[in-house]
Amino acid sequence: MPLGHAAVIFLQHALGNDQVVFAGLLLGLTGAGLLLLGMYASTELIATFPGMFCGLFVWTGWIEIGFEYYAKRLGIEPVMLNGEIVTKAEYLLMPSSVGFFAGGILSSFGAANNAGFCSFRKAFLLSNANRYFSIVAKIGNGPI
């Protein structure tokens with residue numbers, strides 16, 4: 001995450017502090033470009049680094065700066081203590097991202113996802129759920 005924040009600060013200084021949203025859009029677009037680069041890489045090893053920076057830049061540029069933008073737009077004030085900022089306004093808005101998190105988790109169980117680990121996770125959780133419910137059904141119907 002320090003690399004993502006460093007990229008945002010660099011863009012803020014290069015474009016001016018008033019252009020934070022534009023800097024975030026550029027950073028996210030850079031991440032999307034790295035995604036395309038990683039998708040067409042010749043090996044997984046070569047695709048790893050563009051993929052890592054893609055996630056970092058998209059999250060920092062579009063998500064974190066999006067929180068900052070909406071905190072300012074909604075007029076959320078930071079938490080102050082003795083004249084110092086204790087909690088920034090965007091961090092007060094972040095609990096609203098629980099739905100975003102839940103959507104991401106639920107989408108990993110989607111039928112269209114054929115990634116190896118996701119398939120393993122679906123099979124493991126569903127097989128254990130079936131085992132659990134069959135034990136519960138047997139217990140509910142008397143002795144096993």
Side-chain angles (χ1 to χ4, degrees), residues 1-140:
M1 290 313 295
L3 293 174
H5 291 293
V8 170
I9 290 170
F10 171 75
L11 285 173
Q12 285 175 348
H13 287 295
L15 299 173
N17 205 18
D18 297 333
Q19 302 294 327
V20 175
V21 174
F22 185 64
L25 288 173
L26 281 179
L27 197 60
L29 286 173
T30 303
L34 287 171
L35 174 67
L36 293 173
L37 180 72
M39 285 174 56
Y40 295 108
S42 58
T43 65
E44 288 184 18
L45 180 63
I46 295 172
T48 298
F49 288 105
M52 178 185 71
F53 285 106
C54 162
L56 179 71
F57 289 167
V58 166
W59 180 263
T60 304
W62 287 346
I63 306 299
E64 285 192 21
I65 291 182
F67 281 130
E68 187 177 336
Y69 169 76
Y70 278 106
K72 287 179 183 176
R73 184 173 177 174
L74 296 171
I76 298 173
E77 295 293 326
V79 176
M80 305 286 283
L81 182 65
N82 297 328
E84 290 187 31
I85 296 176
V86 177
T87 303
K88 292 182 177 180
E90 56 265 23
Y91 298 140
L92 298 173
L93 186 63
M94 278 187 188
S96 67
S97 64
V98 171
F100 177 75
F101 173 72
I105 294 296
L106 291 176
S107 70
S108 70
F109 290 104
N113 192 346
N114 292 326
F117 181 72
C118 292
S119 298
F120 165 76
R121 184 173 37 187
K122 284 190 292 190
F124 179 76
L125 290 176
L126 292 177
S127 67
N128 284 341
N130 290 337
R131 187 178 331 147
Y132 170 76
F133 288 123
S134 66
I135 291 171
V136 170
K138 288 178 184 177
I139 292 172

For the student: nearest non-hydrogen atoms of [X] and [Y], plus distance:
| X | Y | answer |
| --- | --- | --- |
| Gly38 | Ala47 | O-CB, 3.2 Å |
| Ile46 | Ser42 | CD1-OG, 3.5 Å |
| Gly24 | Trp62 | O-CD1, 3.6 Å |

Does [X] reach the side chain of [Y], with side-chain heavy atoms less than 4.5 Å apart?
| X | Y | answer |
| --- | --- | --- |
| Met80 | Val86 | no |
| Val79 | Ile85 | no |
| Ile63 | Val58 | no |
| Phe49 | Leu34 | no |

Distance, nearest 0.5 Å, that separates [atom1] of [X] from [atom2] of [Y]:
| X | Y | atom1 | atom2 | answer |
| --- | --- | --- | --- | --- |
| Glu68 | Ile76 | CD | CD1 | 12.0 Å |
| Leu92 | Phe67 | CG | CZ | 11.5 Å |
| Ile65 | Leu27 | CD1 | CG | 6.5 Å |
| Lys88 | Leu93 | NZ | CG | 14.0 Å |
| Leu35 | Thr30 | CG | OG1 | 12.5 Å |
| Glu64 | Tyr91 | CD | OH | 6.5 Å |

